[in-house]
Amino acid sequence: MVPDEILAPLRAAPQFIDLRAVTVDPRAELAEALLEPHASIPPKYFYDPLGSRLFEAICELPEYPLMRTERAIVDAYVHEIAARIGPGGVLIDLGAGNCEKAERLFGWLAPTQYVAIDIAAEFLRDRINVLAQRNPQHSILGIAQDFTQTIELPEEVADGARVVFYPGSSIGNFAPDQALAFLQRTRAVCGDDGHLLLGVDLVKDKRLLDLAYDDPLGITAAFNLNVLRNVNALLGSDFDVADWCHVAFFNPEHSRVEMHVEARRDVTVRWPGIERSFAAGDRIHTENSYKFTPDGVRQMLTRAGYRSVQLYTDDRCGFAVALAAA
Ligand code: AVI
């Protein structure tokens, strides 16, 4: 019999697979988005190592209560959620970030495998190593992947009923038609005996939403502007952060918070073989964050092919956690 002190570190070693190159070429994607008449940067490029940490700091802000409210809802209803899902499935965490939200479910869902998927490869690799040390009894697989276009599950993902976990209202970062297509893909990942556990931020007072995305400490501004540094690293461009400022506001017509970076002065940005000029006041659209109504969430999930949608909310109806059966 092999002693446990030898086996434990072996069990604790998580697997890590990098599938980023297989999906999208960031240079081509960024160049195309920046050269559109209305320039944009896809929000997934926020999450370089500094961006991921700034996002963690945002989640600590009193003005940005999304994650705390979601956690309180999950804590309040986890017993019921776990009973509906049943124990022993494969927990697939899309946009796993620091993996903390999923880790809180381990004791309740007792997953046979935890699959953490995120585009931020270095950050994910660090976090699953720490997670594995804390949870040596769990099988952990990290996948670096841009799952916004396709969700590719390698053969290392175990068999069994799947629970797709997509918390934090990241679904709000898709346009409505893309959100529907994305949920249809998660429905396919669930198979016929799986579940989706989804976090969604709900529409609320415009002043609260404006403050949540333009906080007085300027953490969200730093998060937004840092995307320019990540673009420089990926594209070889020469954005100077000092030439740009943060703009964020709730747009009620589209039920979304918009974030932009706005040129403080006339600027020309260059990257290999190409340049683009921006006049003072021109904006690059960096993120939409759609806000939902409870009925809108139910309809979206039903249209994506889910059934028996259960919504859990806080007393102020600020956030909802949806559990949908495939
Ligand atoms: C990750 N995502 C759901 C966040 C949001 O609220 O849209 C990203 C964020 N952007 C600014 N603050 C937080």
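We count ligands from 1, going down the list as the structure has it; atoms in each ligand are counted the same way. When reading the values below, keep in mind they use all heavy atoms of this one structure, side chains included, and skip hydrogens, waters and symmetry mates.
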Polar side-chain atom of T286 near backbone of M259 as donor-acceptor pair, under 3.5 Å = yes

What orientation do Y166 and F182 show, parallel under 30°, tilted 30 to 60°, or perpendicular over 60°?
-> tilted

Between N251 and E258, is any side-chain donor less than 3.5 angstrom from a side-chain acceptor?
-> yes

Any ion pair linking D295 and R298 (charged N to carboxylate O, less than 4.0 Å)?
-> yes

Show your reasoning for whether salt bridge (charged side-chain N to carboxylate O under 4.0 Å, His left out) applies to R207 and D205.
-> CA-CA 6 Å; R207 280 166 308 175; D205 191 298; 2.9 Å; yes

Ranked by distance from atom 8 (C) of ligand 1, the top protein heavy atom is E287 OE2, 3.3 Å

Starting from atom 7 (O) of ligand 1, find the nearest protein heavy-atom neighbour and note its residue, name and distance.
-> S289 OG, 2.7 Å

Please write down residue, atom name and distance for the protein heavy atom closest to atom 2 (N) of ligand 1.
-> N173 OD1, 3.0 Å

Give the residue and atom name of whichever protein heavy atom lies nearest to atom 13 (C) of ligand 1, and the separation in Å to one decimal.
-> Y64 OH, 3.4 Å

Mind checking whether F223 contacts ligand 1 via backbone (N, CA, C, O), side chain (CB onward), both or neither, at a 4.0 Å heavy-atom cut-off?
-> side chain

N or O pair under 3.5 Å between S170 and ligand 1 = no

Is the F278 ring parallel, tilted or perpendicular to the W244 ring (thresholds 30°, 60°)?
-> perpendicular

Under 4.0 Å between heavy atoms, the region of Y290 that gets near ligand 1 turns out to be neither

Taking only non-hydrogen atoms of Y47 and a 4.0 Å limit, the atoms of ligand 1 in range are 1 (C), 8 (C)

Please confirm whether K291 comes within less than 3.5 Å of ligand 1 when only nitrogen or oxygen atoms on both sides are compared.
-> no

Would you say ligand 1 has an N or O under 3.5 Å from any N or O of S169?
-> no

Quick one: are the ring centres of Y290 and F174 less than 6.0 Å apart?
-> no

Counting heavy atoms only, which part of D201 comes closer than 4.0 Å to ligand 1: side chain, backbone, both or neither?
-> neither

Could you list which atoms of ligand 1 come closer than 4.0 Å to a heavy atom of G168?
-> 3 (C)

Any donor-acceptor pair under 3.5 Å from N135 side chain to L131 backbone = yes

